[in-house]
Peer 1: 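Below: one structure in structure tokens.
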Amino acid sequence: MIPFNLLAPQHQNLRAELLAATARVIDSGWFVLGPEVSAFEAAFAASCGCGYGVGVASGTDAIQLGLTALGVKAGDEVLTVAHTAVPTISAIYAAGAHPVLIDVNATSMTMDPGRIEERITARTRAIVPVHLYGHPCDMDPILAIARLHNFVVLEDAAQAHGARYKGRQVGMLGDACAWSFYPTKNLGALGDAGMVTTNDGAVADRLRQLRFYGQTKRYIHEIPGTNSRLDEMQAAYLSVKLPYLAKWNAARLGLARVYGRELADLSGLTLPTASEGIEHAFHLYVLQVSGRDAFQRALLDGGIGTLIHYPIPVHKQAAYPELRDQGRFLPVTERLADRIISLPLYPELPESDVLTVARTIARVLC
Ligand SMILES: *Cc1c(COP(=O)(O)O)cnc(C)c1O
């Protein structure tokens, strides 16, 4: 059996470094928002070309608090995609705003800039482009629309650590960027963690208040806040891992190229591509195929674990009946949901397993 993902090998390799970090934090006696958090915030922000990083409890909180820090208020409309992880949407609601769903490009599977203008209203305030699967959105036209209409832009880079767009790091392209360090992401903690990066010092200040009860200093509360702090243990683990991110992403890219080479001649498959000028972080390797459910079952019978990201677009989820009507704007999103399938991919995945997966796919297709 070739599993979809395995987290154990990476942690086995880093076991000694992670245990040393654990001991360091225990011995320090400082467990929340301390020197480990500050050090990781500075290192991660620098790694994506940003002046400021503010650690929070999760990627979901990073989106919610990021929007609030950028001035999004109750009743505002936020343009984003339905072809994403549901937390993108739940975070927009948590910020008090209303999600307006833009269709995606069938090739990049990210926000289609040509479909934005038709969804703008007098209440539109922000755009949340999602760099899904590690493929950066086509940011230049998105940023041009935002500038024209005076919208703020919060990137959702939960799946795109280390990706680049036209030579620029994901994370420094909009007004701020939300990150998740959920364990399965390209850079994952040993628990939940998130961050907002920005080059705007005022936005960073507001985020530091929002994540810590709205305090400007102890017992002084100038804005309503919440508790969304990053803890020292997770920050220490992330500092251990950050230096390996480029190597892990290179391994992902190398394995994606092997898939690309081995699957290129099979008919009936649409392979993921990187648009021109883009460095794909290959969080996921996502094929498109018709008869996807039968294809997935046949792969499972052949010993290959796969997942669907995501089988039900957010506007069809029972939690959000008010989004259902927006389906008429989302034909590509709805078609993709029936066609996509994510193949096994993680940095330590042996190349021989990739070849086995490709051979199994060839057998299933003929
Ligand atoms: C994982 C993810 C999130 C949420 O991050 P959490 O840390 O799990 O809260 C948001 N958006 C996208 C695209 C994600 O993949």
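Values below: every heavy atom of this structure, side chains too, minus hydrogens, waters and symmetry copies. Given the structure is predicted, the values throughout are model-derived calculations rather than measurements. For ligands, and for the atoms within them, numbers begin at 1 and follow the listed sequence.
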Peer 1: Provide the number and element of each atom of ligand 1 under 4.0 Å from a heavy atom of Gly59.
Peer 2: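 Ligand 1 atoms under the 4.0 Å threshold to Gly59: 5 (O), 6 (P), 7 (O), 9 (O).
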Peer 1: Test of understanding: given a 4.0 Å heavy-atom threshold, classify the contact between Asp156 and ligand 1 as side chain, backbone, both, or neither.
Peer 2: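 Looking at Asp156 and ligand 1, just side chain atoms fall under 4.0 Å.
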Peer 1: How far is atom 9 (O) of ligand 1 from its nearest protein heavy atom, and which residue and atom is that?
Peer 2: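 Going by distance alone, atom 9 (O) of ligand 1 is nearest to Thr60 OG1, 2.5 Å.
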Peer 1: Give the table of side-chain donor-acceptor pairs shorter than 3.5 Å for residues 296-318, with sequence neighbours excluded, one pair per line with atom names and distance.
Peer 2:
{"from": "Gln296", "atom 1": "NE2", "to": "Thr306", "atom 2": "OG1", "distance (Å)": "3.1"}
{"from": "His309", "atom 1": "ND1", "to": "Ser342", "atom 2": "OG", "distance (Å)": "2.7"}
{"from": "Tyr310", "atom 1": "OH", "to": "Gln159", "atom 2": "NE2", "distance (Å)": "3.0"}
{"from": "His315", "atom 1": "NE2", "to": "Glu334", "atom 2": "OE2", "distance (Å)": "2.7"}
{"from": "Gln317", "atom 1": "NE2", "to": "Ile312", "atom 2": "O", "distance (Å)": "3.1"}

Peer 1: With distance as the sole criterion, is a donor-acceptor pair present between the side chains of Glu17 and Tyr244 under 3.5 Å?
Peer 2: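 Looking only at side-chain atoms, Tyr244 and Glu17 do form a donor-acceptor pair, the distance falling under 3.5 Å.
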Peer 1: Which option wins on minimum heavy-atom distance to atom 8 (O) of ligand 1: Ala157, Ser180, Ala57?
Peer 2: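 Answer by nearest heavy atom: Ser180.
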Peer 1: Evaluating non-hydrogen atoms only, which member of His131, Lys185, Gln159 is closest to atom 2 (C) of ligand 1?
Peer 2: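 Nearest option to atom 2 (C) of ligand 1, by heavy atoms: Lys185.
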Peer 1: Answer side chain, backbone, both or neither: which part of Val130 comes under 4.0 Å from ligand 1, heavy atoms only.
Peer 2: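 It is the side chain that touches ligand 1; the backbone stays farther off.
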Peer 1: I need the atoms of ligand 1 closer than 4.0 Å to a non-hydrogen atom of Thr84, numbered in the order shown.
Peer 2: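 Listed by number with element: 13 (C).
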Peer 1: Using the ring of each side chain (for Trp, its six-membered ring), is Phe181 parallel, tilted or perpendicular to His161, with breaks at 30° and 60°?
Peer 2: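 If you compare the ring of Phe181 with that of His161, the planes turn out tilted.
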Peer 1: Take atom OH of Tyr182 as the centre, draw a 6.0 Å sphere, and report whether it contains more than 12 heavy atoms from other residues, nucleotides or ligands.
Peer 2: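 Open.
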Peer 1: Check for me whether the distance between the ring centres of Tyr346 and Phe4 falls short of 6.0 Å.
Peer 2: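 No: the rings miss the under 6.0 Å criterion.
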Peer 1: Quick check on contacts: which atoms of ligand 1 are under 4.0 angstrom from a heavy atom of Ala158?
Peer 2: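 Within the 4.0 Å cut-off of Ala158, ligand 1 contributes 2 (C), 3 (C), 10 (C), 11 (N), 12 (C), 14 (C), 15 (O).
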Peer 1: For residues 250-268, dump all side-chain donor-acceptor pairs below 3.5 Å to protein atoms at least two apart in sequence or in another chain.
Peer 2:
{"from": "Arg252", "atom 1": "NH1", "to": "Phe282", "atom 2": "O", "distance (Å)": "3.3"}
{"from": "Arg252", "atom 1": "NH1", "to": "His283", "atom 2": "O", "distance (Å)": "3.2"}
{"from": "Tyr259", "atom 1": "OH", "to": "Pro344", "atom 2": "O", "distance (Å)": "2.7"}

Peer 1: How far is atom 3 (C) of ligand 1 from its nearest protein heavy atom, and which residue and atom is that?
Peer 2: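 Protein heavy atom at minimum distance: Pro87 CG, 3.7 Å.
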Peer 1: Which heavy atom in Thr273 sits nearest to a heavy atom in His280, and how many Å separate them?
Peer 2: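 So the two residues come closest at O-CD2, 4.2 Å.
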Peer 1: Heavy-atom contacts with Thr88 under 4.0 Å: which atoms of ligand 1 show up? List them by number with element.
Peer 2: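 In order of number, 11 (N).
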